[in-house]
Asks: 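One structure, as structure tokens, below. Some questions next.
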Amino acid sequence: MQTVALSVAIVCLLAGAVYGGLMFDRPCPTNVPVKQYFEVDSYLGKWYEMQRYESEFEENFDCVQVRYTLNEDDSVQVSNSAYNLFNGSSINALGRAVLSFPDEEVVQGKLNVSFFGAPNDLSNYWVLDTDYETFSVVWNCQPRGEEQSEESFWVLSRTPTLPADTDVLFRIHYIMRRYIDRSLVRFTSQLDERYVVNVKVVFGFWIGF
């Protein structure tokens with residue numbers, strides 16, 4: 001358990017931001033629309049991860065939850081927790097988020113998220129769609145050379161299961177059909193009885209999206 005946590009910590013300290021997604025042999029897609037008139041205050045609170053692209057930082061982890069709270073300087077504290085159903089380890093990671101372009105006339109759902117005091121200057125958390133009350137779809141793509149990219153993807157819910165609302169499901173699937181390789185999506189278990197609520201705090205990292 002200690003070895004797993006320490007390995008994650010070392011890798012994450014080197015990364016300091018939202019890396020470790022899936023590699024694609026293509027440039028980052030362009031013209032991917034994000035949520036317009038994004039409301040930070042409405043986005044605060046607790047979210048449960050429902051689906052994701054697997055990454056080295058989240059590998060084999062379930063019960064992934066994230067809580068956003070407002071800091072005194074109007075930045076957002078990000079607190080991620082997760083539980084490994086294979087070996088019983090659990091971790092919690094703290095980070096900071098700010099709007100990527102706060103001075104635009106129409107505020108977009110683009111944020112910079114960083115951990116461990118790393119520079120908070122990379123737009124790496126894009127909210128493609130959310131209704132703030134039930135679901136959120138988050139995506140990130142970073143170029144890795146001229147013809148490769150590294151992508152992350154998460155579906156979040158305010159509850160441990162996605163609502164059965166047809167409008168919500170349509171909005172999620174619409175984005176996935178257009179921008180996501182659904183064959184690579186991994187579903188996150190939120191209802192396993194082995195999950196412990198009081199997670200151990202260590203310096204790990206990912207975005208729970």
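Sequential numbering from 1 along the given sequence is applied to the chain's residues. Predicted, not measured: the structure shown is a model, and the values here were computed from it.
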Asks: Name the atoms and distances for all side-chain donor-acceptor pairs under 3.5 Å in residues 172-180, with sequence neighbours left out.
Replies:
residue : atom : partner : partner atom : Å
His173  : ND1  : Leu169  : O            : 3.3
Tyr174  : OH   : Arg178  : NH1          : 2.7

Asks: What I want to check is whether the side chains of Ser100 and Asn112 have a donor and an acceptor closer together than 3.5 Å.
Replies: yes
Asks: Do Leu44 and Val76 make a side-chain contact, defined as non-hydrogen atoms from C-beta onward lying under 4.5 Å apart?
Replies: yes
Asks: Minimum heavy-atom separation for Cys63 and Tyr83, please, with both atom names.
Replies: CB-CB, 4.1 Å
Asks: Taking the side chain as every heavy atom from C-beta outward, state whether Asn124 and Gln142 have any atom pair closer than 4.5 Å.
Replies: yes
Asks: Over all heavy atoms of both residues, which pair between Val32 and Trp126 is shortest? Give the atoms and the distance, please.
Replies: O-CZ3, 4.1 Å
Asks: Salt-bridged, Lys35 to Asp131, with N to O below 4.0 Å?
Replies: no
Asks: Is there a path from Phe101 to Val113 through hydrophobic residues (I, L, V, M, F, W, Y) whose side chains come within less than 4.5 Å of each other?
Replies: no
Asks: Show your reasoning for whether side-chain contact (heavy atoms from CB on, under 4.5 Å) applies to Gln77 and Arg67.
Replies: CA-CA 8 Å; Gln77 177 178 282; Arg67 184 181 296 276; over 6 Å; no
Asks: Do the side chains of Phe187 and Ser189 get nearer than 4.5 Å, heavy atoms only?
Replies: no
Asks: Pairs in or reaching into residues 163-172: which pass salt bridge (Lys or Arg N to Asp or Glu O under 4.0 Å), with residues at least two apart or in two chains?
Replies: Asp129-Arg171, Asp167-Arg171
Asks: Mind checking the CZ-OG spacing from Phe61 to Ser89? Nearest 0.5 Å is all I need.
Replies: 4.0 Å
Asks: Quick test of your reading of the model: are Glu104 and Lys110 salt-bridged, counting only N-O distances below 4.0 Å?
Replies: no
Asks: Does some side-chain heavy atom of Glu151 sit less than 4.5 Å from a side-chain heavy atom of Met23?
Replies: no
Asks: Apply side-chain contact (heavy atoms from CB on, under 4.5 Å) to Gln36 and list each qualifying residue two or more places apart in sequence or on a separate chain.
Replies: Val34, Val106, Gln108
Asks: Is the shortest heavy-atom distance from the side chain of Phe38 to the side chain of Val127 under 4.5 Å?
Replies: yes
Asks: At what distance, to the nearest 0.5 angstrom, does CZ of Phe24 lie from CZ of Arg144?
Replies: 13.0 Å
Asks: Do Val64 and Asn80 touch side chain to side chain, with heavy atoms closer than 4.5 Å?
Replies: no
Asks: Nearest heavy-atom pair of Leu184 and Tyr53: which atoms, and what distance?
Replies: O-CD2, 3.8 Å
Asks: If you define the side chain from C-beta out and look only at heavy atoms, does anything of Leu156 sit under 4.5 Å from Tyr48?
Replies: no
Asks: Just by distance, no angles: are the side chains of Gln65 and Ser81 close enough, under 3.5 Å, to form a donor-acceptor pair?
Replies: no
Asks: If you apply the rule side-chain contact (heavy atoms from CB on, under 4.5 Å), what do you find for Phe135 with Val155, and how did you get there?
Replies: CA-CA 7 Å; Phe135 83 100; Val155 175; 5.6 Å; no
Asks: Indicate the atoms forming the closest heavy-atom contact of Cys141 with Pro29, along with that distance.
Replies: SG-CD, 3.9 Å
Asks: Determine whether a donor-acceptor pair (N or O, by modelled atom type, separation under 3.5 Å) exists between the side chain of Ser75 and the backbone of Ala97.
Replies: no
Asks: Please give me the minimum heavy-atom distance between Asn92 and Leu94, naming the atom from each residue.
Replies: OD1-CD2, 3.7 Å
Asks: What verdict does the side-chain contact (heavy atoms from CB on, under 4.5 Å) test give for Asp25 and Gln148, after you've listed the backbone C-alpha separation in whole Å, the side-chain angles of each residue and the deciding distance to 0.1 Å?
Replies: CA-CA 5 Å; Asp25 291 324; Gln148 284 192 315; 2.9 Å; yes
Asks: Under 4.5 Å between side-chain heavy atoms, counting indirect links through other Ile/Leu/Val/Met/Phe/Trp/Tyr residues: same cluster for Val40 and Val98 or not?
Replies: no
Asks: Just to verify, what does Asp73 make a salt bridge (charged side-chain N to carboxylate O under 4.0 Å, His left out) with, not counting sequence neighbours?
Replies: Arg96
Asks: Would Ser90 and Asn84 count as a side chain to side chain donor-acceptor pair (under 3.5 Å) if you check the C-alpha gap in whole Å, the side-chain angles of each, and the deciding distance to 0.1 Å?
Replies: CA-CA 6 Å; Ser90 56; Asn84 190 315; over 6 Å; no
Asks: Short question: side chain of Arg158, backbone of Tyr132 - any donor-acceptor pair under 3.5 Å?
Replies: yes
Asks: Output yes when a side-chain donor or acceptor of Gln51 lies under 3.5 Å from a complementary backbone atom of Arg186, and no otherwise.
Replies: no
Asks: Could you pull out all residues at least two apart from Asp121 that satisfy side chain to side chain donor-acceptor pair (under 3.5 Å)?
Replies: none
Asks: Do you know the tightest heavy-atom contact between Pro163 and Val168?
Replies: CG-CG1, 4.0 Å
Asks: Under 4.5 Å between any side-chain heavy atoms of Thr130 and Trp47, yes or no?
Replies: yes
Asks: Which residues pass the side chain to side chain donor-acceptor pair (under 3.5 Å) test with Tyr43, not counting sequence neighbours?
Replies: Tyr125, Ser136
